Amino acid sequence: MYENLRIGLTMRRSDACDYDEPREGLALSWGFFLREALPGCVWVALPNTGESIVRTVDELGLNGLILTGGEDCGVYLQRDESETALIAHALQKDIPLMGICRGFQMLHAYFGGNFVPCAKDEHVAVRHVVSFAENPYLAKGVQEVNSYHSNGIELKDIYGPLLPLAFDSSGLVEGVYSAQHHVVGLMWHPERETEFVESDIVIFRKFFT
């Protein structure tokens with residue numbers, strides 16, 4: 001169904017536990033989620049090689065990108081550099097780019113956005129409800145989502161071409177999209193659900209079609 005879709009996913013820092021060996025990794029759940037959400041698509045994990053990652057995207061003929069979750073922006077500078085280059089390349093080449101949690105935050109920062117601290121008991125390893133604003137992917141409604149972030153985004157800090165897609169109960173922005181560019185950002189993790197959520201799958205299928 002999505003046999004012509006070739007997606008690159010960025011990786012987080014994941015060093016060896018028992019000895020000194022820097023590593024990068026990707027949660028296994030991404031493979032299971034993509035198999036269900038975008039059956040037939042081909043995906044590849046992208047190493048954080050800095051600006052040269054753009055050449056890898058072109059050489060592999062990737063036509064979709066996902067900036068995955070992980071450490072906060074500013075913690076692993078090689079990843080920040082790589083994902084900044086990927087965002088610029090995706091915007092220039094009109095490659096669909098989705099940011100998940102940290103990936104959404106990178107997208108927000110790219111366009112000059114600021115962050116506010118989140119209450120950990122409301123946003124770190126908990127579940128809460130989001131309300132969808134008018135958007136091209138889902139009808140207005142609510143969804144319970146997981147939450148693993150300590151940086152929040154207020155509506156007044158949404159800049160550039162980004163528009164709000166979802167809010168939490170306090171009014172913090174939990175999702176964005178753009179009417180100018182092929183980008184979406186979600187603050188929750190669709191791939192971490194024990195049973196994948198239909199509305200998340202709908203967003204992925206409409207976005208990457």
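Below, all heavy atoms of this structure are taken into account, side chains as well, without hydrogens, waters or symmetry copies. None of these values were measured; they are calculated from a predicted model.
- Contact record, Asp168 with Glu174: N-CG, 3.7 Å, taken as the closest heavy-atom pair.
- Between Leu38 and Trp43 there is no side-chain heavy-atom pair separated by less than 4.5 Å.
- Distance OH/Tyr137 to CD1/Ile203: 9.0 Å, rounded to 0.5 Å.
- Hydrophobic cluster of Val116: the remaining members, joined at side-chain heavy-atom separations below 4.5 Å, are Leu172, listed by chain and number.
- Within 6.0 Å of the CD atom in Glu134, the count of heavy atoms belonging to other residues, nucleotides or ligands does not exceed 12.
- Counting heavy atoms from C-beta on, the side chains of Ser169 and His128 never come closer than 4.5 Å.
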### Query
Where do Asn135 and Lys140 land on the side chain to side chain contact (heavy atoms under 4.5 Å, CB included) test, with the steps shown first?
CA-CA 8 Å; Asn135 67 85; Lys140 288 185 177 180; over 6 Å; no

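- Under the ring pair (Phe, Tyr, Trp, His ring centres under 6.0 Å) criterion, His89 pairs with no residue at all, not counting sequence neighbours.
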### Task
Begin with the C-alpha distance, continue with both residues' side-chain angles, and end with the deciding distance and a verdict on side chain to side chain contact (heavy atoms under 4.5 Å, CB included) for Val129 and Gln143.
CA-CA 6 Å; Val129 172; Gln143 176 183 329; over 6 Å; no

Distance-only donor-acceptor hits, side chain of residues 177-186, under 3.5 Å, sequence neighbours excluded:
unit_1 : atom_1 : unit_2 : atom_2 : d
Ser178 : OG     : Pro161 : O      : 3.2
Ser178 : OG     : Gln180 : N      : 3.0
Ser178 : OG     : His181 : N      : 3.0
His182 : NE2    : Phe207 : O      : 2.8

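- Asp15 contributes a side-chain N or O that, together with a main-chain N or O of Arg23, makes up a donor-acceptor pair within less than 3.5 Å.
- Residues Tyr148 and Met187 fail the side-chain proximity criterion, which asks for heavy atoms closer than 4.5 Å.
- Proximity of Phe196 to Ile201: side-chain heavy atoms (C-beta onward) are separated by under 4.5 Å at one or more points.
- In this structure, the side chains of Ile66 and Phe208 come closer than 4.5 Å at one or more pairs of heavy atoms.
- Between Val130 and Trp188, the closest side-chain pair of non-hydrogen atoms falls below 4.5 Å.
- The two residues Ser14 and Gly25 come nearest to each other via the heavy atoms CB-N, 4.0 Å.
- Screening Thr56, Val57, Leu62 against Leu86 for a side chain to side chain contact (heavy atoms under 4.5 Å, CB included) leaves a single residue, Val57.
- When hydrophobic clusters are built by joining Ile, Leu, Val, Met, Phe, Trp and Tyr residues whose side-chain heavy atoms come closer than 4.5 Å, directly or via intermediates, Leu91 is grouped together with Leu46.
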Check: residues 26-33 side-chain donor-acceptor pairs under 3.5 Å, at least two apart:
unit_1 : atom_1 : unit_2 : atom_2 : d
Ser29  : OG     : Glu191 : O      : 3.3

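- Under a 4.0 Å N-O distance rule, the pair Arg205/Glu36 does not qualify as a salt bridge.
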Donor-acceptor list for residues 72-81 side chains, cut-off 3.5 Å, not counting sequence neighbours:
unit_1 : atom_1 : unit_2 : atom_2 : d
Tyr76  : OH     : Glu24  : OE2    : 2.6
Gln78  : NE2    : Asn48  : O      : 3.1
Arg79  : NE     : Met11  : O      : 3.2
Arg79  : NE     : Glu83  : OE2    : 2.9
Arg79  : NH1    : Gly69  : O      : 3.2
Arg79  : NH1    : Glu71  : OE2    : 2.6
Arg79  : NH2    : Thr10  : OG1    : 3.4
Arg79  : NH2    : Thr68  : O      : 2.7
Arg79  : NH2    : Thr68  : OG1    : 3.2
Arg79  : NH2    : Gly69  : O      : 3.3
Arg79  : NH2    : Glu83  : OE2    : 3.1
Asp80  : OD1    : Arg102 : NH1    : 3.3
Asp80  : OD1    : Arg102 : NH2    : 2.8
Asp80  : OD2    : Gly74  : N      : 2.7

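- To the nearest 0.5 angstrom, Glu51 atom CD is 9.0 Å from Thr84 atom OG1.
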Which atom pairs, one a donor and one an acceptor, fall under 3.5 Å between side chains of residues 151-159 and the rest of the protein, sequence neighbours left out?
unit_1 : atom_1 : unit_2 : atom_2 : d
Asn151 : ND2    : Gln105 : OE1    : 3.0
Glu154 : OE1    : Lys156 : NZ     : 3.3

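- One finds the CG atom of Asn63 at 4.5 Å from the CZ atom of Arg6 (value rounded to the nearest 0.5 Å).
- Rounding to the nearest 0.5 Å gives a distance of 5.0 Å between CE of Met106 and CD1 of Ile87.
- In this structure, CG on Leu97 lies 8.5 Å from CD1 on Ile95, to the nearest 0.5 angstrom.
- Taking both residues in full, the closest heavy atoms of Pro136 and Lys206 are given as O-CD, 4.2 Å, listed atom of the first, atom of the second, then distance.
- Residues Asp58 and Leu60 have side chains not in contact (no heavy-atom distance under 4.5 Å, counting atoms from C-beta outward).
- If you chain together hydrophobic residues whose side chains sit under 4.5 Å apart, Leu165 and Leu163 fall into the same group.
- Proximity of the aromatic rings of His108 and Phe115 is defined here by a centroid distance below 6.0 angstrom, and this criterion is met.
- No donor-acceptor pair closer than 3.5 Å links the side chain of Asp200 to the backbone N or O of Glu198.
- Between Gly171 and Phe167, the closest heavy-atom pair is O-CD2, 3.4 Å.
- Using a 4.5 Å heavy-atom cutoff, the side chains of Phe132 and Val142 are not in contact.
- Here the side chain of Ser82 pairs a donor or acceptor atom with the backbone of Thr49 at under 3.5 angstrom.
- In this structure, OG1 in Thr209 is found 8.5 Å from CG in Leu5, a value given to the nearest 0.5 Å.
- No path of Ile, Leu, Val, Met, Phe, Trp and Tyr side chains, each step under 4.5 Å between heavy atoms, connects Tyr110 with Met98, placing them in separate hydrophobic clusters.
- Between Leu65 and Ala90 the shortest heavy-atom distance is CD1-CB, 4.1 Å.
- In summary, of the residues considered (Val44, Ile100, Leu34), a side chain to side chain contact (heavy atoms under 4.5 Å, CB included) with Leu9 occurs for Leu34 alone.
- Nearest heavy atoms, Phe104 versus Gly175: CE2-N, 3.9 Å.
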